[in-house]
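Single-structure report; data block below.
The figures that follow rest on heavy atoms only: side chains count, while hydrogens, waters and symmetry mates do not. Throughout, protein chains are lettered first and strands after them, A, B, ... in sequence-line order, and every chain is numbered starting at 1.
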Amino acid sequence: MDFRFSSNSSQEAGSFRLLELPPELCKLIESSIDETPSLSIKGHATDDAVLCTSDKTYALRSVVLSNTVIVATPSNNEEGGIDIRDQLHEILELVPSVPRLHRLSGLLRGLEYDEGDEDRHQMSHYSYQQARNEIQASEFEFSQGLKDRRILILDGNLRPIVPAHLSTILELLLNYLISLGLSHQSAPVEELASTLADEHEIPRIVTTQILSWFGVVNENLWSMDVNAVITEIGLGILRHHKHEPILETEFMTKWKKMAGDSFEADVQLSLLSGNCLQNSSSTGEALGGTLIYFPSSGLPIDPAARFMELFLTRQRWKNEEIEPFLSDIAINSKERDKLLLKYARALTSPEGVWYTARVNLNN
Amino acid sequence: MIIPISVSSKENNDIFPPSLARLGNDDLVLIELQGSLEVECNESSSRDGRLVGKLNVDNPDKPTLLIGHHLLEGKIVTLPKPLGVLHRNTPIQNPKTQGESLDRSQSDQDEVDGWSIVAMVKKKLVFSKRPMPITILKQKT
């Protein structure tokens, strides 16, 4: 069989790439003979590129080969044979990655949505579409990220809601559920939205988006996600204690009061994991431990910097304490353990495993 | 910037003879060589369509590649992970109209061609041994 360069091989050089496919991507491609799967490579020219499916993000890495791989296809001349289309010296590897949503908070600084927003004139905009093109995350992870970061979509623009305003709205919602005698498992969206619009001038579009963050809207009925609402209300109180700690007992009383009689029982400190630090009282007084607001979203993204920050905050961490602060930079528990192995030193004591810094920060 | 990737079906109708199609794809094959094919020529386009050698895969246990006076003996290897072969969607005949249709989905100025996965490959031909010099012997094909 003749083996030759294709008739336009010089122009075609560089037009092929080899991509290593993880099993789940193979399945996706094999099953998509009829419908096109949504696959795309995303990022700025200066970013490390990622490949996104509809619900997952993979980091793209180029691996250099010492051998040459020739891509060959059947020749279209009469004698048959095969044509060399391209010669490659690298393959692209895919590594599952966490969605790169971190950039959002920087991009949206100064674009927050607050009470009485309609009266203010907004100078700059950052649209949903712009973000879709720039943020390195899959469609599903992106919309989930907007929800988790409490970002409203108003007139096609992204507007993170000011936390204090969000807490106010949630409190109002809880109050109206009771005063209007609605069940929190199936509250009519329309009724809630118009009540808030009429009595507090909160736009319907804002209310309906908030309802969808904190529960499931199905056939115009809202089923509240009790834990999500309670957590956000707790955060609303805790946010004021970034520098001055609050007594745990005092905090819990406040929180329960805000949650109201019907949801008091759902208040649990564990809901705030990844957002607060608990300090047991060092003086041994009967007052009990204190809490401080410490959101993992405010920590550096780079693992080395994050561990540095964590160990500057505390010299040693218990496994279950440090975990919540690593979940947004590690894709799964295996990745997380790898990070711990790399950046922390484990000490086993009778009380369990403690992690301390690998480098001495005092130097 | 978003570079769309599509999965495309066959781009032409030519297919391999059955002996090569045994590797899993009837219109694309990956051949791994130690070293690379260097062509000495003044203009890179002068190598287009030129004969490199002869490939023989009639015996699946002993594929051979004859280049000049060198005979390479290879083997068929199953890839540890399947490879997707991406091909750049270059506008072929009508670059203008193709550009417009792509632009509609793109809000900014970057004009992105997009890539297609033209094949999923699970096996490759590897020629990793040293070539044997051939003098008188002629390959029967």
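- In terms of heavy-atom pairs under 4.5 Å with chain B, the best-connected choice from A:Q87, A:R132, A:H44 is A:Q87.
- Residue contact with chain A, scored on non-hydrogen atoms closer than 4.5 Å, involves the side chain of B:L65 exclusively.
- Comparing A:D83, A:L88, A:I91, A:I82 by heavy-atom pairs within less than 4.5 Å of chain B, the highest count is held by A:I82.
- Neither the backbone nor the side chain of A:L65 comes within less than 4.5 Å of any heavy atom of chain B.
- The minimum heavy-atom distance linking A:P300 with A:A305 is given by the pair CB-CB, 3.7 Å.
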Exercise for the section: Output, in order, the C-alpha distance, side-chain angles, deciding distance and verdict of side-chain hydrogen bond (donor to acceptor under 3.5 Å, both in side chains) for A:Y58 and A:E93. Expected result: CA-CA 9 Å; A:Y58 298 88; A:E93 235 182 32; over 6 Å; no

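- Salt bridge annotation for A:D86-B:R88: absent, with no cationic side-chain nitrogen under 4.0 angstrom from a carboxylate oxygen.
- Your options are B:Q34, B:E32, B:K124, and the one with the most heavy-atom pairs under 4.5 Å with chain A is B:E32.
- The most heavy-atom pairs under 4.5 Å with chain A, out of B:V85, B:V121, B:L125, come from B:V85.
- Not a single salt bridge (Lys or Arg N to Asp or Glu O under 4.0 Å) links A:E24 to another residue, sequence neighbours left out.
- In the model, A:S212 has no side-chain atom that pairs as donor or acceptor with a side-chain atom of A:Q209 under 3.5 Å.
- With hydrogens and angles ignored, the 3.5 Å screen pairs no side-chain donor or acceptor of A:R100 with any backbone N or O of A:Q136.
- Sorted by first then second residue, the ring pair (Phe, Tyr, Trp, His ring centres under 6.0 Å) pairs that include residues 64-86 of chain B, not counting sequence neighbours, number zero.
- Looking only at heavy-atom pairs under 4.5 Å with chain B, the residue among A:D47, A:I84, A:L92, A:V71 that has the most is A:V71.
- Both the backbone and the side chain of A:E20 come within less than 4.5 Å of a heavy atom of chain B.
- Residue A:L25 does not touch chain B at all, counting heavy-atom pairs closer than 4.5 Å.
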